[in-house]
Amino acid sequence: MRASTLLAAASAPLAALAAPLPSIAALLARQGTAKFCERITPAPSPEETEARFNEFADLFLVQKDIYGAFEYILPEYINHNPSAENGAQNALDILAPFWDSQTIEVLRTKFEGEMSWLNYKSGFGEIVDRYRWEDGCIIEHWDQGEQYPED
């Protein structure tokens with residue numbers, strides 16, 4: 001009896017190796033692509049940009065629609081996180097595989113001038129993302145050591 005239990009336990013990892021692996025095409029199809037933001041000319045008013053920020057925040061944090069949210073981010077997006085590269089596609093490639101499975105609690109949001117803030121809790125802890133908007137689109141992002149602005 002002990003030998004059969006030991007044999008079953010030892011062969012379980014081998015059974016996992018025998019399972020079919022997804023094809024490269026299947027993995028790439030899962031990764032997806034986004035339509036990134038195009039600058040609005042003439043530039044939208046502060047009220048229009050704030051409405052766009054609210055749409056972005058809803059897509060990103062509430063609906064967790066990463067591809068919809070990235071339609072508000074310029075392709076040349078500057079990421080001030082030292083662990084991330086610039087470019088919207090680079091950020092999307094990092095977030096897309098897991099974003100829709102995140103548990104997110106929205107704490108607060110703010111828009112002022114050309115800046116906006118998202119404050120939320122996720123599996124990574126409490127986060128403050130700061131964004132700079134230009135021509136109706138997000139052009140810059142900060143999240144390292146950011147503090148939510150108090151009035």
Side-chain angles (χ1 to χ4, degrees), residues 12-151:
L14 297 175
L17 290 174
L21 295 174
S23 70
I24 297 293
L27 290 173
L28 291 175
R30 244 187 271 158
Q31 193 172 22
T33 58
K35 177 182 176 276
F36 299 116
C37 196
E38 295 180 19
R39 293 174 183 276
I40 299 171
T41 306
S45 70
E47 295 78 19
E48 292 167 323
T49 303
E50 183 173 7
R52 291 179 59 77
F53 161 67
N54 290 330
E55 292 165 2
F56 165 76
D58 180 65
L59 288 165
F60 190 59
L61 297 178
V62 178
Q63 296 182 43
K64 296 187 279 186
D65 177 357
I66 195 75
Y67 296 100
F70 269 70
E71 290 182 15
Y72 292 85
I73 299 177
L74 285 166
E76 64 268 26
Y77 162 89
I78 301 164
N79 194 340
H80 293 280
N81 181 323
S83 300
E85 293 183 35
N86 290 334
Q89 188 64 55
N90 291 323
L92 181 64
D93 290 345
I94 292 168
L95 296 174
F98 68 87
W99 193 254
D100 65 347
S101 66
Q102 288 290 297
T103 299
I104 295 174
E105 176 189 351
V106 180
L107 301 175
R108 52 196 172 167
T109 66
K110 181 174 184 162
F111 182 86
E112 185 176 294
E114 63 181 20
M115 303 302 285
S116 65
W117 292 263
L118 300 176
N119 183 203
Y120 57 97
K121 288 184 181 178
S122 74
F124 297 103
E126 185 171 337
I127 297 171
V128 175
D129 284 320
R130 178 169 52 118
Y131 301 95
R132 185 172 71 83
W133 291 75
E134 186 174 281
D135 299 328
C137 303
I138 294 171
I139 182 63
E140 284 187 89
H141 167 251
W142 296 260
D143 64 358
Q144 293 293 301
E146 286 299 307
Q147 301 292 316
Y148 192 85
E150 301 299 333
D151 290 330

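Residue numbers count from 1 along this sequence. In this text the structure is predicted, and so the values were computed from the model without any measurement.
- In this structure, CG on Asn79 lies 6.0 Å from NE2 on His141, to the nearest 0.5 angstrom.
- Nearest approach of Leu92 to Pro97, heavy atoms of both residues: O-CD, 4.2 Å.
- Minimum interatomic distance between Trp133 and Ser116 (heavy atoms only, all atoms of both residues): NE1-OG, 2.8 Å.
- Looking at residues two or more places apart in sequence or on another chain, you find no side chain to side chain donor-acceptor pair (under 3.5 Å) involving Glu114.
- For residues 54-128, there are no disulfide bond (SG atoms under 2.5 Å apart) pairs, not counting sequence neighbours.
- Among residue pairs with one or both ends in residues 139-149, those qualifying as salt bridge (Lys or Arg N to Asp or Glu O under 4.0 Å) are Arg130-Glu146, Arg132-Glu140; sequence neighbours excluded.
- Residues Gly136 and Thr49 approach most closely at CA-OG1, 4.4 Å, considering heavy atoms.
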Decide side chain to side chain contact (heavy atoms under 4.5 Å, CB included) for Arg52 and Phe111; before the verdict, give the C-alpha distance in whole Å, the side-chain angles of both, and the deciding distance to 0.1 Å.
CA-CA 10 Å; Arg52 291 179 59 77; Phe111 182 86; over 6 Å; no

Donor-acceptor contacts, no H, no angles, side chain residues 120-127, under 3.5 Å, sequence neighbours left out:
{"residue": "Tyr120", "atom": "OH", "partner": "Asp129", "partner atom": "OD2", "Å": "2.7"}
{"residue": "Ser122", "atom": "OG", "partner": "Phe124", "partner atom": "N", "Å": "3.1"}
{"residue": "Glu126", "atom": "OE2", "partner": "Asn119", "partner atom": "ND2", "Å": "3.2"}

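- Considering every non-hydrogen atom in both Glu55 and Tyr72, the closest pair reads OE1-OH, 2.6 Å.
- Note that the CG atom of Leu74 and the CD1 atom of Ile139 stand 4.5 Å from one another [nearest 0.5 Å].
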Can you check side chain to side chain contact (heavy atoms under 4.5 Å, CB included) on Asn90 and Tyr77, steps first, answer last?
CA-CA 10 Å; Asn90 291 323; Tyr77 162 89; over 6 Å; no

With a cut-off of 3.5 Å and sequence neighbours excluded, list every side-chain donor-acceptor pair involving residues 36-46.
{"residue": "Arg39", "atom": "NH1", "partner": "Glu134", "partner atom": "OE2", "Å": "2.6"}
{"residue": "Arg39", "atom": "NH1", "partner": "Asp135", "partner atom": "OD2", "Å": "3.0"}
{"residue": "Arg39", "atom": "NH2", "partner": "Glu76", "partner atom": "OE2", "Å": "3.0"}
{"residue": "Arg39", "atom": "NH2", "partner": "Glu134", "partner atom": "OE2", "Å": "3.0"}
{"residue": "Ser45", "atom": "OG", "partner": "Glu47", "partner atom": "N", "Å": "3.4"}
{"residue": "Ser45", "atom": "OG", "partner": "Glu47", "partner atom": "OE1", "Å": "3.4"}
{"residue": "Ser45", "atom": "OG", "partner": "Glu48", "partner atom": "N", "Å": "3.1"}
{"residue": "Ser45", "atom": "OG", "partner": "Glu48", "partner atom": "OE1", "Å": "3.3"}

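- The environment of Gln147 atom CD is sparse: at most 12 non-hydrogen atoms of other residues, nucleotides or ligands sit within 6.0 angstrom.
- Taking the ring pair (Phe, Tyr, Trp, His ring centres under 6.0 Å) definition, one finds that Phe56 meets it with Phe60, Tyr131, sequence neighbours left out.
- Going from atom OH of Tyr67 over to atom CH2 of Trp99 covers 13.5 Å, rounded to the nearest 0.5 Å.
- Scanning for side chain to side chain donor-acceptor pair (under 3.5 Å) contacts around Asn86 gives an empty result, with sequence neighbours left out.
- For residues 102-113, the pairs satisfying salt bridge (Lys or Arg N to Asp or Glu O under 4.0 Å) are Arg108-Glu150, Lys110-Glu112, Lys110-Asp151, with sequence neighbours left out.
- Here disulfide bond (SG atoms under 2.5 Å apart) pairs that include residues 60-114, with residues two or more places apart or in two chains, number zero.
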Under the side chain to side chain donor-acceptor pair (under 3.5 Å) rule, what do Gln89 and Asp93 come out as? Steps first, then yes or no, please.
CA-CA 6 Å; Gln89 188 64 55; Asp93 290 345; 2.8 Å; yes

Check the pair Asp100 / Ile66 against side chain to side chain contact (heavy atoms under 4.5 Å, CB included), numbers first and verdict last.
CA-CA 7 Å; Asp100 65 347; Ile66 195 75; over 6 Å; no

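- Listed by first and then second residue, the disulfide bond (SG atoms under 2.5 Å apart) pairs that reach into residues 61-92 come to none, sequence neighbours excluded.
- Judged as a side chain to side chain donor-acceptor pair (under 3.5 Å), and not counting sequence neighbours, Thr109 has no contacts.
- For residues 79-92, no pair satisfies salt bridge (Lys or Arg N to Asp or Glu O under 4.0 Å), with sequence neighbours left out.
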